[in-house]
Amino acid sequence: MKMYRDLIRDDIRLNKFGKQDIIDQTNQAKQLLISRGAKKGDIVNVSIPLNGIKQLSFVLACLELGLPLYTNHDDVFHPQKQKIIRHNVEEYIRKFNKPFLNFVVDGADQNSQRFHEQHYEQYKWLNEARNNGMMGIKLTPDMAEDASTEEIQPWEVNDDDPALFIAEELLTGEIDDLYKNKVLHGQLLWRIQSTFDHFQEDDTYGYGMSYHHGQSLEHLFGALHKCKTVLSVQIASRELYGRNMDAMVARESRKFKGNNPITVMYELHDVMMEDLYRHLDSNEDGNLKIISY
């Protein structure tokens, strides 16, 4: 099944990468997953901090292989929820005597790990759980670098196969039915196509949210289909991480200015939008179009 890569505009630029780069790295990701024993229906979480080609290639690989993406509900990132989630994950592992996921693709480098350890109370436990296999077989993006770029599709993936699992049950503790909430491929493709009218062919899209937030994945594919350029934007929430995020927001806001600025983006959370607008001249003239879901 190549329906997802077929959506991507032939002359797209994702940061500095073109469509063939995306396809090559997707094929490498697929080769890696299959070589490590991935089978259709296995559940995968892709945890690669920077929104870019590495994250996209593994997301594409999972979608094309029929490996449902484990997606967090937005509320799981709030600090007051973390102990509840940890308890429910550990309870799941104890009760069913198996890892929480089949695979986790972890792309956190040393800087990212330090950042998360500083701001994310449960990160050390999460990292230990990944390293010990509690979260499933751990892969890193660099493992795919030497893999073949040859296209591989060992089985068919259909519209009624699950594409995403949204694990709201981590918040409720209903772990017996952990993967109840799912989005099928047919539903996801319809939702992607419904975003096309938000974009124009000369737009530059600011990719500001990882795939697990709301419908940011659908809008990313819509942008890859219609826009001329997709730029990753790193704006962290001061609500979660404090005022030391200001320097990052100031740096990233430059991507909205200059000769080829971002013209459209997916709506970030309220405090993140407030921080972005503080560094922009104005949004009243309509130069930046915001897409909500």
Side-chain angles (χ1 to χ4, degrees), residues 1-9 12 14-15 17 19 22-23 25-26 29-30 33 42-77 101 103-107 141 157 159-168 179 181-199 203-227 229-235 262 264-269 272 289-293:
M1 183 184 76
K2 301 186 294 295
M3 61 178 70
Y4 288 97
R5 67 179 64 189
D6 290 346
L7 289 170
I8 301 174
R9 176 172 160 167
I12 193 69
L14 171 61
N15 295 329
F17 300 102
K19 181 174 182 178
I22 295 171
I23 290 174
Q25 292 203 31
T26 297
K30 291 171 76 171
L33 285 160
D42 284 347
I43 301 169
V44 184
N45 178 239
V46 177
S47 180
I48 300 178
L50 298 179
N51 302 333
I53 191 170
K54 292 295 184 186
Q55 184 188 69
L56 176 62
S57 64
F58 274 94
V59 166
L60 257 173
C62 291
L63 291 173
E64 293 188 355
L65 287 174
L67 309 178
L69 288 165
Y70 166 88
T71 62
N72 291 305
H73 188 275
D74 283 355
D75 286 345
V76 306
F77 294 96
L101 304 162
F103 293 90
V104 58
V105 183
D106 186 359
V157 178
D159 282 353
D160 57 356
D161 290 323
L164 312 175
F165 283 115
I166 304 167
E168 295 181 46
Y179 296 114
N181 296 306
K182 57 182 177 289
V183 177
L184 305 181
H185 281 283
Q187 295 172 316
L188 181 61
L189 287 162
W190 179 86
R191 280 164 34 169
I192 289 169
Q193 291 165 350
S194 72
T195 72
F196 290 172
D197 290 340
H198 291 303
F199 306 105
D203 273 337
T204 295
Y205 180 67
Y207 178 22
M209 288 289 235
S210 294
Y211 73 92
H212 51 261
H213 288 277
Q215 293 186 16
S216 59
L217 180 60
E218 291 91 318
H219 285 89
L220 171 60
F221 274 106
L224 289 167
H225 181 71
K226 289 290 293 285
C227 298
T229 308
V230 173
L231 295 178
S232 59
V233 183
Q234 304 302 318
I235 298 178
I262 291 171
V264 58
M265 71 178 296
Y266 182 84
E267 186 173 22
L268 308 175
H269 294 317
M272 299 164 76
K289 180 169 63 176
I290 300 296
I291 298 172
S292 300
Y293 72 95

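Every heavy atom of this structure was used, including side-chain atoms; hydrogens, water molecules and symmetry mates were not. This structure is a prediction, so every number in the text was calculated from the model and none was measured.
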* Hey, are the side chains of D159 and M3 touching, using non-hydrogen atoms and a 4.5 Å cut-off? -> yes
* Exercise: identify the closest heavy-atom pair between F196 and L7 -> CZ-CD2, 4.1 Å
* side-chain contact (heavy atoms from CB on, under 4.5 Å) between L65 and V157, intermediate numbers included -> CA-CA 7 Å; L65 287 174; V157 178; 5.7 Å; no
* Apply the test side-chain contact (heavy atoms from CB on, under 4.5 Å) to residues L164 and L217: give CA-CA distance (whole Å), side-chain angles for both, the deciding distance (0.1 Å), then the verdict. => CA-CA 11 Å; L164 312 175; L217 180 60; 4.1 Å; yes
* Is the shortest heavy-atom distance from the side chain of L56 to the side chain of V230 under 4.5 Å? -> no
* For the residue pair I48 and V105, establish whether any side-chain heavy-atom pair is separated by less than 4.5 Å. => yes
* Asked: Does E267 reach the side chain of M209, with side-chain heavy atoms less than 4.5 Å apart?
  -> no
* Could you please spell out the steps behind the side-chain contact (heavy atoms from CB on, under 4.5 Å) verdict for R9 and K19? => CA-CA 7 Å; R9 176 172 160 167; K19 181 174 182 178; over 6 Å; no
* Asked: Between the side chains of T195 and E218, does any donor sit under 3.5 Å from an acceptor?
  -> no
* Could you state the interatomic distance from CG (L188) to CG (L69), rounded to the nearest 0.5 Å? -> 9.0 Å
* Work out which heavy atom in I192 is nearest to a heavy atom in G222; give both atom names and the distance. => CG2-N, 4.1 Å
* Asked: What's the spacing between F17 CZ and I53 CD1 if we round to 0.5 Å?
  -> 5.0 Å
* Structure fact -> d(I12 CD1, C227 SG) to nearest 0.5 Å is 6.5 Å
* Asked: Do F165 and I43 come within less than 4.5 Å of each other through their side chains, counting heavy atoms only?
  -> yes
* With rounding to the nearest 0.5 Å, note down the distance linking CG in L231 to OH in Y207. => 13.0 Å
* To do: To the nearest 0.5 angstrom, please state how far the CD atom of Q55 sits from the CG atom of L60.
  => 11.0 Å
* Would you indicate whether the side-chain heavy atoms of I22 and S57 approach each other to under 4.5 Å? => no
* Say whether, by atom type as modelled, one donor and one acceptor occur between the side chain of S216 and the main chain of S210 under 3.5 angstrom. => yes
* Asked: How far apart are the closest heavy atoms of L268 and G208, and which atoms are they?
  -> CD2-O, 3.4 Å
* A61 and L33: which non-hydrogen atoms are nearest, and at how many Å? -> CB-CD1, 4.2 Å
* Just by distance, do the side chain of N45 and the backbone of V104 share a donor-acceptor pair under 3.5 Å? -> no
* To do: For the residue pair I291 and M265, establish whether any side-chain heavy-atom pair is separated by less than 4.5 Å.
  => no
* Asked: Looking only at heavy atoms, what is the nearest atom pair of V46 and Y211, with distance?
  -> N-OH, 3.1 Å
* Should the pair F221 and Y4 be assigned to parallel (<30°), tilted (30 to 60°) or perpendicular (>60°) ring geometry? -> tilted
* Once you round to the nearest 0.5 Å, how far does CD of E64 lie from NE2 of H185? -> 9.5 Å
* To do: Could you label the plane-to-plane angle of the H219 and F199 rings as parallel, tilted or perpendicular, counting under 30° as parallel and over 60° as perpendicular?
  => perpendicular
* Give a yes or no on whether the backbone of K226 and the side-chain of D203 come within a donor-acceptor separation of less than 3.5 Å. => no
* Asked: Do you know the tightest heavy-atom contact between P68 and P162?
  -> CG-O, 3.7 Å
